[in-house]
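This report concerns only the one structure given below.
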Amino acid sequence: MTKNLMFAPGEMATTEFLNRMAPRLIGTNSPSGVATLSFSSIPQTFKHLLLVGKGRVSSATIGAGIGIRFNTVSTANYHDQLLQGIVATPSAQEALLATSARIGFFPGTSALSTADDGWAYVLMPNYAATTSFPSYVALAGEHYNTTTGTGRAQHLGGQLQSATGAISTVTLLTQDASNFVADTRFDLWGLT
Amino acid sequence: MPLAGWPVVDNDIVNYSWLNAIGAVQLYDSTDAGVTFPVASIATPGLPWPTNAYTHLFGIWTARTNSATTVEFVLCRPNGSSSSSYNQALRGAGATVTSAENLASTSLKIGLCAGASSHNAGDFGDGAFFFPGAVLPGSHFAELTAFSFAASNTTTGTGFVENYSGKNQSVGNITSLTFLPNTGSFVAGTRFTVYGL
């Protein structure tokens, strides 16, 4: 491999280069009719994790919180902080000692169109570290498009604060206990 | 046979055109580089060059400092520049939204992390940053968008989410990045990874 990262005809890619390719797909989950999904036995060989999700829920809501749990911990030990804009109103919220932390909001049957979705990009830096709380930072949004046309733009972050440790399982759930509906999808990527 | 499309299947040969189309390549990682702690700053070596190797930079980080604060700013200096940095910030902390600007600063702000006075030793800060068009022909400034989360005092409640845009008016194409805390030093568990897109 040449030092400028561009390949010429006939040039071979070294092992070092191939191992620096990022990101790599760990798994895909397309939940339908269930309230939770998990990515388990996450390889500990990457540097960071990226989760991308998009979808809807079954409840009569314009936005159900989508929660994340680490390592199957479901006790009230999650903290999150939210910054969002809805129409012309910015706001912030935090949730303390909750049973999951929010990564975004997905619309349900109260959205104007069945094509309206919510989405989230979630980063989990240095997820294999053993001396920090499992944590994340996320960008999310949704459009539920009521008659005036409304959506949210969100920035969230949070952590599990009961125990430090590497992230080996990531669980996503609807915080109102409704189900994810068809065409919802979450992909988990490892970044080298 | 040369690769015909995507994805790669058994017996395909990955040729140079496919390799050149790969979206992101890790350019630097502080853990792989053997950075030891505490450390006052973390600097990448010269990032690969020439111009057409990549166009954008993307980074991910987690950090904690030994400063006597609950949270501490995480800063970035493109090409080591210690002048002419400008930031616009948007912050959510508890139920409070604020915004602020920093003019003619020594560094770009890219987020907040936990300091030594945070509530728990396991508190860190997490973030990501983008330098779109980090390497481009023509005249341009190094420009940034970044976001982060830091928790500091969670039993009584204080978490911070930060969004930044910024620029450095003395830097055009980016050839290196230096990361540093506003005060103190980074401690063990801190990690910065930089990718070329």
Side-chain angles (χ1 to χ4, degrees), chain A residues 1-13 17-23 47-48 50 79-85 89-97 121 123-127 129-139 154-165 191-192, chain B residues 14-20 22-27 29 31-32 48-50 52-54 60-64 90-99 111 119-128 147-151 154-163 188-191 193 195-196:
Chain A
M1 186 190 81
T2 57
K3 293 181 180 179
N4 66 2
L5 302 179
M6 297 299 287
F7 288 85
E11 195 168 9
M12 298 182 67
F17 177 80
L18 292 173
N19 286 334
R20 284 172 176 256
M21 292 164 49
K47 291 179 171 56
H48 314 290
L50 169 65
H79 166 232
D80 71 46
Q81 174 69 49
L82 161 71
L83 173 65
Q84 69 181 0
T89 305
S91 64
Q93 305 170 3
E94 66 178 351
L96 304 178
L97 301 177
Y121 297 84
L123 282 170
M124 289 160 270
N126 205 27
Y127 72 102
T130 59
T131 57
S132 56
F133 293 132
S135 60
Y136 69 95
V137 61
L139 294 177
Q154 299 173 321
H155 172 193
L156 306 98
Q159 65 182 28
L160 168 63
Q161 56 202 41
S162 57
T164 58
L191 298 173
T192 60
Chain B
V14 175
N15 65 19
Y16 74 98
S17 294
W18 188 92
L19 290 170
N20 285 335
I22 292 169
V25 177
Q26 183 238 111
L27 301 176
D29 178 81
T31 298
D32 289 348
W49 197 258
N52 62 356
Y54 58 86
I60 301 174
W61 60 268
T62 185
R64 181 179 172 88
L90 176 64
R91 169 185 292 178
T96 302
V97 178
T98 57
S99 67
H119 188 76
N120 298 291
D123 290 324
F124 275 66
D126 297 332
F147 57 98
S148 72
F149 164 73
T154 50
T155 57
T156 58
T158 309
F160 298 85
V161 290
E162 310 259 307
N163 283 276
T190 295
R191 185 173 203 167
T193 312
Y195 301 88

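Per chain, numbering begins at 1; letters A, B, ... match sequence-line order. None of the values given here were measured: they were computed from a predicted structure. Excluded from the calculations below are hydrogen atoms, water molecules and symmetry mates; all remaining heavy atoms, backbone and side chain alike, are included.
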Any side-chain heavy atom of [X] within less than 4.5 Å of one from [Y]?
X         : Y         : value
Val97(B)  : Leu83(A)  : yes
Asp32(B)  : Lys47(A)  : yes
Phe124(B) : Asn126(A) : no
His119(B) : Gln161(A) : no

### Query
So which of Leu82(A), Thr130(A), Leu123(A), Leu139(A) has the largest heavy-atom pair count under 4.5 angstrom toward chain B?
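Of Leu82(A), Thr130(A), Leu123(A), Leu139(A), Leu139(A) has the most heavy-atom pairs under 4.5 Å with chain B.
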Verify, without hydrogens or angle tests, whether [X] (side chain) and [Y] (backbone) share a donor-acceptor contact under 3.5 angstrom.
X         : Y         : value
Tyr195(B) : Thr192(A) : yes
His48(A)  : Trp61(B)  : no
Gln93(A)  : Gly94(B)  : no

By a 4.5 Å heavy-atom criterion (distance strictly below it), what part of [X] contacts chain A: side chain, backbone, both, or neither?
X         : result
Thr31(B)  : neither
Phe147(B) : both
Arg64(B)  : neither
Ala150(B) : neither

### Task
Measure distances from Thr164(A) to the heavy atoms of chain B and classify the residue's part below 4.5 Å as side chain, backbone, both or neither.
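For Thr164(A), the side chain is the part near chain B, not the backbone.
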### Task
Tell me, for Leu191(A) versus chain B, whether the close heavy atoms (under 4.5 Å) come from the side chain, the backbone, both or neither.
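Both backbone and side chain of Leu191(A) come within 4.5 Å of chain B.
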### Query
Which atoms form the tightest heavy-atom contact between Phe149(B) and Tyr136(A), and what is the distance?
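Closest pair (atom of Phe149(B), atom of Tyr136(A), distance): CD2-O, 3.7 Å.
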### Message
Please find the pair of heavy atoms, one from Ala92(A) and one from Gly92(B), that lie closest to each other, and give the distance.
### Response
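In terms of heavy atoms, the two residues are closest at CB-CA, 4.0 Å.
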### Query
Side chains of Asp126(B) and Gln159(A): donor-acceptor distance under 3.5 Å anywhere?
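Judged by distance alone, the side chains do not pair up.
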### Message
Shorter than 4.5 Å, heavy atoms on both sides: which option in Thr62(B), Asn163(B), Thr193(B), Val161(B) has the most such pairs with chain A?
### Response
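With the most close heavy-atom pairs to chain A, the winner is Val161(B).
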### Query
Most heavy-atom pairs under 4.5 angstrom with chain A, which of Gly189(B), Ala128(B), Ala93(B)?
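If we count pairs closer than 4.5 Å to chain A, Ala93(B) comes out on top.
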### Query
Going from CD on Glu162(B) to CD on Gln81(A), what distance comes out if it is rounded to the nearest 0.5 angstrom?
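Here the interatomic distance stands at 10.0 Å.
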